[in-house]
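These notes concern the structure reproduced below.
Quick note: numbers below take in every heavy atom, side chains included, and nothing from hydrogens, waters or symmetry partners. Note that the structure is a prediction, hence the values are computed from the model and not measured.
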Amino acid sequence: MKTLKKEEPKITKKLIKDHGLTDEEYQRVIDILGRTPTFTELGIFSVMWSEHCSYKSSRAHLRKFPTKGEVVIQGPGENAGAIDIGDGLAAIFKMESHNHPSFIEPYQGAATGVGGILRDIFTMGARPIALMNSLRFGPLQHSKNRYIFEGVVSGIAGYGNCIGVPTVGGEIYFSECYNMNPLVNVFCLGIAKKDGIFKGNASGVGNSLIYAGSKTGRDGIHGVTMASEEFGESSEEKRPNVQVGDPFTEKLLVEACLDVMKKGLVVGIQDMGGAGLTSSSSEMAGRAGTGVEIDTSLVPTREKGMMPYEIMLSESQERMLLVVEKEKEKEVLNIFKKWDIDAVKIGMVTNDGIFRIKYGKNIVAEMPVKSISDSAPVYERPIARPVRQNDINYLDINEIPVNNDFNTILLKLLSIATIANKAWVYEQYDHMVRTNSVVLPGSDAAVIRVKGTNKGLAITTDCNSRYCYLDPYKGGMIAVAEAARNIVCTGARPLAITDCLNFGNPEKPEIMWQFVESIKGISEACKVLNTPVISGNVSFYNDTKGISIYPTPIIGMVGLLESVEQHITQWFKDEGDAIILLGKNLEEIGGSEYLKVIHNIERGKPPEINLNFEMQIQKALLDRLNIVKDALNNHAIPYNIIGKVGGMRLTINNNNDRLIDLSVEDINKAWRGAFEANF
């Protein structure tokens, strides 16, 4: 049997602080164990009680989300959420963040974010069929932002293209608040049989724990701890905390895992994501109410002399943990061998509720599973409305000077990176692989064919962070409503959402106010629009040098088309077609790109939103597939025919006063030039 070759460090106050535990949390560890923890135990508590893994600042508020509905098969609490789409099939989807790693190492940070979200989907027994993303960067005029932006886009393309899952859409915003803290949120959708969904449970006493995938290295150790603290002067020195991805290994891992699941050889399965082997094993045991025993000397490593601490905390990519009945163990190992994937038994399920970690004969950690999987501290952080909020919300539009050169204003707005054509980005992505893509990037939402049926799924990611900065409650509602509108505009019926809640430091009362208000707004909109929250992620500590990002609760939504052939796209079709405006225009410019770009003002209030009226409009839009005017009249929706498609010019009149008159060539030149000018 192997024995430890070097002693673990002694526990000191500095070591405790370096692991991100407060004095109160460390005392709680001592109370649980009844003794001083070992070095490995300290590391395990550190990562599992980190904000990233435990949700200790957000858990109390996330319970307010509506999570049930007639289509919901699996809500929050598993690797991903699942909804019923008929024909015995389920759509599995989730969104995750990889913000801090993408700042430190843009290419690998984004690439491994894609790899991680893919594993969340296929660990449920679903084949991934589409990727999307929601990205935020500082203005491209700064070289550092261009470096991060280019690296992130390349990382997303490099991983997704190689593994053969299409990246079919997303959204990108640019703002000074993301100068030192970009946001990289990735979304994945998969399809599984409704009765073939797998969960992360370590059940069945005596069952084997099978490690499968890449060898374990020292990359990514304490990645979740890094993601649970503010950035400072030395943040870019944390490159070892960023994982390195290998999409070719992941492709083999996908096929091998789906193979063993299809053959019914798996009791439970989970990817080794944040906190690696520690989180996967403890969370699986926690859900099942069992214990686990792991011998770290059996774990395949790619570096010599790795200690149990490093093996348990490594976040090396492309690794899975499977629970398998002993009599099926050999067959599972042979399947992974067929796919040229390392697989080995490293432990077993026990009945004592203990998380026991060994290295050969040496026991290096022994702690109650519940203490790390379910009993992390839960904080009710102080909440306070920002003292500047009234000033931020003040806007008198009569004080805004009016520039009547609307041609110039429109061209300037079209040329900013947030609004401009994003073809420079999405043309780097393979959005046609697997031949499921029906509506490609550039429309309101992507549409994906569900092979073997007539159905299609519409998917989108949305959030206006400036609206959330001005009023996080309304901003949260608008994010959900915008996502639903984008889904409806394809002809699909919105079904459910996932979220990625990106905020600053939760220890600041103003940030917690933004967070809680956003959750209230999202919850209310989801209830009215009947789109329950089935999965999601919280990313706190998006602060650099004390400066927080704008609250950015990204919404990922999925909708269903019963007939994919009846999908709709956003662009004009034929000259002379009527242009109809639904709803009413109000005097609302607060938080607009116009105010920011033309007047350098980020104040006011976001547009008013009436959720019941929103629901009416969306129903009318879906009904329009029959008879447009009858549908509008039946729903009592105000509408105006405000123009017609006019060939090669854009002309806008106010009564007989021509406000804008531009050639399509001039418009396209402005709209397509933002990225070409910087790269």
Listed by chain and number, what are the side-chain contact (heavy atoms from CB on, under 4.5 Å) partners of [X], not counting sequence neighbours?
| X | value |
| --- | --- |
| Thr112 | His98, Gln108, Gln243, Gln317 |
| Pro182 | Phe103, Phe137, Ile148 |
| Glu176 | Pro139, Asn179, Lys596 |
| Thr296 | Ile294, Pro308, Ile311, Met312, Ile357, Tyr359 |

* List the atom of Leu470, the atom of Gln389, and the distance in Å for their closest heavy-atom pair. =>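 Between these two residues, the closest heavy atoms are O-NE2, 2.9 Å.
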Any side-chain donor near an acceptor of the partner, [X] and [Y], under 3.5 Å:
| X | Y | result |
| --- | --- | --- |
| Asn99 | Asn181 | no |
| Lys199 | Gln270 | no |
| Thr461 | Ser134 | no |
| Ser548 | Asp543 | yes |
| Glu507 | Tyr379 | no |
| Asp120 | Thr123 | no |
| Tyr173 | Thr552 | no |
| Ser316 | Ser314 | yes |
| Asn201 | Ser203 | no |
| Asn486 | Asp462 | yes |
| Thr40 | Glu8 | yes |
| Gln514 | Glu510 | no |

Answer yes or no: is there a side-chain heavy-atom contact under 4.5 Å between [X] and [Y]?
| X | Y | answer |
| --- | --- | --- |
| Ile269 | Val323 | no |
| Val186 | Leu131 | no |
| Phe187 | Lys94 | no |
| Gln74 | Ile197 | no |
| Cys463 | Cys468 | yes |

* Between CD1 on residue Ile497 and CD1 on residue Ile522, distance to nearest 0.5 Å ->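 Reported to 0.5 Å precision, the distance equals 6.0 Å.
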Sequence-distant partners of [X], side chain to side chain donor-acceptor pair (under 3.5 Å), two or more places apart:
| X | value |
| --- | --- |
| Lys527 | none |
| Thr216 | Tyr211, Arg319 |
| Asp471 | none |
| Glu608 | Lys474 |

* To do: Evaluate the salt bridge (charged side-chain N to carboxylate O under 4.0 Å, His left out) criterion for residues Arg466 and Glu602: first the C-alpha distance (whole Å), next the side-chain angles of each, then the deciding distance (0.1 Å), finally the verdict.
  => CA-CA 8 Å; Arg466 191 179 293 126; Glu602 291 187 286; 2.8 Å; yes
* Using ring-ring contact (aromatic ring centres under 6.0 Å, His included) as the criterion, list what pairs up with Tyr550, not counting sequence neighbours. =>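 Only Tyr469 meet the ring-ring contact (aromatic ring centres under 6.0 Å, His included) criterion with Tyr550.
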* Qualifying ring pair (Phe, Tyr, Trp, His ring centres under 6.0 Å) pairs, either residue in residues 505-529, two or more places apart ->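 Applying ring pair (Phe, Tyr, Trp, His ring centres under 6.0 Å) to every pair that reaches into residues 505-529, excluding sequence neighbours, yields Phe503-Phe515, Phe515-Phe540.
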* To do: Return the orientation label for the Tyr309 and Phe39 ring planes: parallel under 30°, perpendicular over 60°, tilted otherwise.
  =>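 Because their plane-to-plane angle is under 30°, the rings of Tyr309 and Phe39 count as parallel.
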* **Any pair counted as salt bridge (charged side-chain N to carboxylate O under 4.0 Å, His left out), so long as it reaches residues 372-385, sequence neighbours left out** =>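 Salt bridge (charged side-chain N to carboxylate O under 4.0 Å, His left out) check on residues 372-385 returns Lys370-Asp374.
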* If a pair satisfies salt bridge (charged side-chain N to carboxylate O under 4.0 Å, His left out) and one of its residues is in residues 30-40, list it, with sequence neighbours excluded. =>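 Found Arg35-Glu41.
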* Enclosure of Arg356 CZ (heavy-atom neighbours >12, cutoff 6.0 Å) ->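 Yes.
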* To do: Compute the ring centroids of Tyr26 and Phe45, then answer whether they are less than 6.0 Å apart.
  =>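 Between Phe45 and Tyr26, which both carry aromatic rings, the centre distance is not below 6.0 Å.
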